[in-house]
Protein chains: 2
Amino acid sequence: MTQPFLNDTPITTASDQVFVDMRREIVEGSIEQGSKISEPELAKRYGVSRATLREALNRLESCYLVERKANVGCRVVALTAERLIEVYQVRSSLEGLACRLAADNMEPEEVKGLKQLLNQHLQTQRVKEGESYYQEAGDLDFHYRIIKGSKNAHLIHLLCNELYQLIRMYRVQMGMVGPRVSKAFDEHLAIINAIENHDGELAEMLMKRHISASQANIQTKFDLLAK
Amino acid sequence: MTQPFLNDTPITTASDQVFVDMRREIVEGSIEQGSKISEPELAKRYGVSRATLREALNRLESCYLVERKANVGCRVVALTAERLIEVYQVRSSLEGLACRLAADNMEPEEVKGLKQLLNQHLQTQRVKEGESYYQEAGDLDFHYRIIKGSKNAHLIHLLCNELYQLIRMYRVQMGMVGPRVSKAFDEHLAIINAIENHDGELAEMLMKRHISASQANIQTKFDLLAK
DNA sequence: AACTTACCAATTGTCGACAATTTATATGTG
DNA sequence: CACATATAAATTGTCGACAATTGGTAAGTT
């Protein structure tokens, strides 16, 4: 399976490696959300100089995982309910656009691959009940392929390289509850059909709705924490 | 008048200054589009070390004005017709969203200010025929205020700090032709009315259409160059 | 005890130098 | 002469050290 949203760009330089490593740690939560980042400490930990670490921090800032203040320093982004809403409003709009474009621009074999992915997804889901990892990766791959199907390089970059890391962070750290899985499957199916019929308007609407449902799901976690 | 999209964040550090200076030069074209950037050369020119310059280059990359390749270097973005389409598809989607949100979230006095701006715009336009600078700034300010009126911090950052510099670059270097001015005024007026009536759906649609018209206008320039 | 001020430690910003990589030039071979 | 190879120059990536700024601590005043 393609590894979605884990950046297919080759890791050539040392700061690339630090960037990828830190990104993973932040998304997965082993570097805690909202925590302050000490440049000397992390530079030592990754075995690089501060210059290299700062290069990585800049890249992390570009994908919204850390926030910087001049002469003060860096903090890991905090996962708040407010930010979730803001980010998902943007995501819904952009991925709706991607889906509409995909309905026009996806190649037949790409659509075919998408269908195969969904079948595979279905089988995996049946066999491994409760095991959420594969479902997670499968869902990401689904979105990933549609975004790429838009053939809009700017949009692809914006979603895959910049925004999706933060979305993954919410999903990984807040988690997804169970009953959503089968519903998501049906929604994915409907979206594929719309794309196959080149019905961009419908595809966009279905994708937006699908993402809204996903948002509501995560929102639940915040509501539970607040009570 | 508020200076839209020229970043209200205070300039504290040296790399801030270089970033702002270079940004202006790139947007205005005095650093040519598509040209290679030599770090040693520019560092000397701005009187800073390469580390400081590279910090600025990272920020410029975040707002899509330069592109980087590992071990190769930096190039100023090239203004192509394809990219224009891609960027404006994204802009239309996001600013449509902003406009819809603004219809719900703008304070009455903000709407009032928007109307005043439009009146001011009208007068300026009558007095200074052909003088496109004020019209340009006025139009940017108009969009700027609506985006801020969305009250979505992530969206505001995305549009004002990241995307709009590239859009300004197209506008400044490709230019806007004449007859569009008065039409744009009418379109602005219709958008304000929709916002005032809290008709988000209509406001979004009008904004998208307004931006499409703007795109078509710039597209004309490319078509002229191609013949 | 509360508040201000001065100092100190720690952190970030910036610099110049070195190492690694790429690009251009020159040399050699079919 | 075209092409591949090797060498050299230039550029980017990385490092360690110093300067500037910030946040906290302690001393001092009312």
Side-chain angles (χ1 to χ4, degrees), chain A residues 7-26 31-78 157 161, chain B residues 7-26 31-78 157 161:
Chain A
N7 233 343
D8 18 353
T9 54
I11 293 161
T12 53
T13 162
S15 62
D16 283 340
Q17 187 63 58
V18 175
F19 168 63
V20 171
D21 289 347
M22 282 194 71
R23 188 179 63 181
R24 199 177 121 270
E25 294 203 64
I26 290 173
I31 296 178
E32 197 178 17
Q33 55 149 313
S35 65
K36 175 99 171 44
I37 286 180
S38 162
E39 293 184 6
E41 183 194 325
L42 280 187
K44 208 170 84 180
R45 186 169 140 201
Y46 286 105
V48 295
S49 80
R50 269 185 57 224
T52 303
L53 183 91
R54 282 164 68 86
E55 178 79 26
L57 289 180
N58 277 323
R59 310 249 290 278
L60 289 169
E61 190 184 19
S62 293
C63 53
Y64 314 111
L65 296 183
V66 306
E67 287 166 346
R68 249 182 160 176
K69 275 186 199 162
N71 288 317
V72 172
C74 233
R75 295 198 90 87
V76 179
V77 72
H157 175 78
N161 295 130
Chain B
N7 233 341
D8 15 351
T9 52
I11 294 162
T12 54
T13 162
S15 62
D16 282 342
Q17 188 63 58
V18 175
F19 168 64
V20 171
D21 289 348
M22 281 194 73
R23 188 178 62 181
R24 199 178 121 271
E25 293 203 65
I26 290 173
I31 296 179
E32 197 179 16
Q33 54 149 317
S35 65
K36 173 101 173 43
I37 286 180
S38 161
E39 293 183 5
E41 183 193 323
L42 280 186
K44 208 170 85 180
R45 185 169 141 203
Y46 286 105
V48 295
S49 81
R50 268 185 57 225
T52 302
L53 183 92
R54 281 165 68 86
E55 177 80 26
L57 288 180
N58 276 323
R59 311 251 289 277
L60 290 170
E61 190 183 19
S62 294
C63 52
Y64 313 110
L65 296 183
V66 306
E67 288 165 346
R68 247 179 162 184
K69 275 185 199 162
N71 287 318
V72 173
C74 233
R75 295 198 89 86
V76 179
V77 72
H157 175 78
N161 294 129

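Only heavy atoms go into these numbers, but all of them, side chains included; no hydrogens, no water, no symmetry mates. We name chains A, B, ... by the order of the sequence lines, and we start the count at 1 in each one.
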(request) Could you pull out all residues at least two apart from Y46(B) that satisfy ring-ring contact (aromatic ring centres under 6.0 Å, His included)? (result)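 Counting only residues at least two positions away or on another chain, Y46(B) forms no ring-ring contact (aromatic ring centres under 6.0 Å, His included).
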(message) Return the CD1 to CG distance between I31(B) and L65(B), rounded to the nearest 0.5 Å.
(response)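 Separation between the atoms: 10.0 Å.
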(message) Rounded at 0.5 Å granularity, tell me how far CZ in R45(B) sits from CG in D21(B).
(response)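 Reported to 0.5 Å precision, the distance equals 9.5 Å.
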(request) Would you give a per-nucleotide map of nucleotides 5-21 of chain D, 5' to 3', where B means the base has a protein non-hydrogen atom under 4.0 Å away, S means only the sugar-phosphate does, and - means neither? (result) -------BBBB-----S
(request) Only counting residues at least two apart or in another chain, list the ones meeting side chain to side chain contact (heavy atoms under 4.5 Å, CB included) with T13(A). (result)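 Scan of T13(A) (side chain to side chain contact (heavy atoms under 4.5 Å, CB included), adjacent residues dropped) gives S15(A), D16(A).
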(request) Compare every heavy atom of V77(B) with every heavy atom of E67(B), then report the nearest pair and how far apart it is. (result)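 Looks like OE2-CG2, 4.1 Å.
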